[in-house]
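First comes the structure, then the notes that go with it.
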Amino acid sequence: MIVEGLFAAGEAACASVHGANRLGANSLLDIVIFGRAASLTIKEKSKPGEKQPELPKDAGMKSLERFDKIRFSKGKYKTSQIRIAMQKTMQSHAAVFRIEKILQEGI
């Protein structure tokens with residue numbers, strides 16, 4: 001999703017040149033590459049002293065409501081059960097060094 005006027009790099013961004021979890025890589029690369037790209041875009045699109053438009057009173061409420069619906073849902077499995085299953089699958093089939101055969105086995 002693109003949020004007009006929102007720029008992020010490093011830990012605050014959702015993706016990077018190393019993937020969302022960066023697999024042990026250095027976040028400095030993210031900040032250097034994407035921070036510079038963000039600053040150049042801001043410079044291109046903004047004017048000094050320009051004000052942001054006012055937000056509606058209920059800005060963000062739809063996202064919070066969607067989050068709460070998930071957070072307070074009563075599903076078949078506990079969060080801890082899902083986490084351990086995902087952890088075992090990732091460790092067995094999608095570790096740092098990945099090959100297609102092992103990734104396919106995890107499907």
Side-chain angles (χ1 to χ4, degrees):
M1 171 191 279
I2 296 174
V3 178
E4 196 65 37
L6 177 66
F7 296 87
E11 296 293 331
C14 66
S16 70
V17 293
H18 301 293
N21 62 3
R22 287 195 334 274
L23 298 171
N26 189 334
S27 64
L28 179 60
L29 179 60
D30 286 2
I31 294 169
V32 170
I33 300 298
F34 294 111
R36 182 172 189 271
S39 70
L40 292 174
T41 303
I42 291 167
K43 179 182 175 186
E44 177 185 308
K45 292 188 172 212
S46 302
K47 297 178 183 115
E50 183 178 40
K51 293 185 178 186
Q52 291 285 68
E54 290 293 319
L55 291 173
K57 280 189 171 210
D58 64 346
M61 289 308 296
K62 195 173 194 176
S63 295
L64 290 174
E65 289 166 1
R66 189 173 60 227
F67 175 72
D68 280 346
K69 182 180 176 187
I70 295 167
R71 186 169 62 142
F72 295 117
S73 66
K74 301 290 181 199
K76 182 177 176 181
Y77 302 100
K78 292 182 178 181
T79 305
S80 59
Q81 292 172 301
I82 297 169
R83 188 199 64 77
I84 196 72
M86 289 178 66
Q87 178 183 348
K88 288 180 178 182
T89 300
M90 291 297 291
Q91 288 174 337
S92 299
H93 302 288
V96 174
F97 301 103
R98 300 171 182 177
I99 60 173
E100 184 177 358
K101 180 179 181 265
I102 303 296
L103 288 169
Q104 289 296 331
E105 289 174 4
I107 294 177

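Considering every non-hydrogen atom in both T89 and G106, the closest pair reads CG2-O, 4.2 Å. Closest of all the heavy-atom pairs between H93 and I102 is ND1-O, 3.3 Å. In terms of heavy atoms, Q87 sits closest to R83 at OE1-NH1, 2.6 Å. Nearest heavy atoms, K45 versus E50: O-OE1, 4.1 Å.
Considering only residues two or more places apart in sequence or on other chains, E105 meets the salt bridge (Lys or Arg N to Asp or Glu O under 4.0 Å) condition with K101.
Note that the CZ atom of F7 and the CD1 atom of I42 stand 4.5 Å from one another [nearest 0.5 Å]. Distance CG/D58 to CG/L64: 11.0 Å, rounded to 0.5 Å. The distance from the CD1 atom of I82 to the NZ atom of K76 is 11.0 Å, given to the nearest 0.5 Å. Distance check, rounded to the nearest 0.5 Å: OG of S46 to CD of Q52 gives 7.0 Å.
Environment of CZ in F72: crowded, with over 12 heavy atoms of neighbouring residues, nucleotides or ligands closer than 6.0 Å.
Connection of L40 to I33 is not established within any shared hydrophobic cluster, with ILVMFWY side chains joined at heavy-atom distances below 4.5 Å, either directly or through further cluster members.
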